[in-house]
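Right, one structure below, let's go through it.
Indexing begins at 1, ligand by ligand and atom by atom, following the structure's order.
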Amino acid sequence: MTSSEIPSVPIEAVPAEFDTAAPAGSGTAATPPARLLLDVREDDEWQLGHAPGAVHIPMNDVPARLGELDAGTEIYVVCRQGGRSLQIVRYLTHFGFDAVDVLGGMVAWQGAGRPLTGAGDHAAKVY
Ligand SMILES: O=S(=O)([O-])[S-]
């Protein structure tokens, strides 16, 4: 699979439901979500700023945490600018997951004016 064959979407096509935090209890093992925004950046990047409705699994942890993902869920994968997410989409599709790469990553998310949330008392930001 070449990068041109990797399923991908521009930031405008990422569902608005990820602009808000998922309600408590959604996406349990019993009822996996229809769609998921998976942020594969490192912990420090996540804490500085992330999409309110995203789920965080750092890239290197994805293989060990595949059991947290459901094959019936459409998984939008995001990183900083698209390098890591491309690799993870390739990996997930290889294992039968319905994964798409978010072009431009969180830099594009921020540039499009989509909401960010972070940890601590600083303004959330993607660097
Ligand atoms: O997040 S990145 O791999 O595009 S720098």
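Heavy-atom contacts of Gln81 reach the following atoms of ligand 1: 1 (O), 2 (S), 4 (O) (cutoff under 4.0 Å). The distance from ligand 1 to the heavy atoms of Gly82 drops below 4.0 Å at these ligand atoms: 4 (O). Close approach of ligand 1 to Arg80 is summarised as follows: ligand atoms under 4.0 Å from at least one heavy atom of the residue are 1 (O).
Side-chain contact between Leu116 and His50 is absent, with no heavy atoms from C-beta onward closer than 4.5 Å. Within the 4.5 Å cutoff, the side chain of Val55 has no heavy atoms near those of the Glu68 side chain. Using a 4.5 Å heavy-atom cutoff, the side chains of Trp109 and Val78 are not in contact. Residues Val102 and Ile11 have side chains in contact (heavy-atom distance under 4.5 Å, counting atoms from C-beta outward).
Looking at ligand 1, you'll find an N or O of Gly83 within less than 3.5 Å of one of its N or O atoms.
Within the 4.0 Å heavy-atom cutoff, Gly105 does not count among the residues contacting ligand 1.
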**Request:** Please lay out, stage by stage, how His56 and Gln47 fare under the test side chain to side chain contact (heavy atoms under 4.5 Å, CB included).
**Result:** CA-CA 10 Å; His56 182 220; Gln47 285 163 12; over 6 Å; no
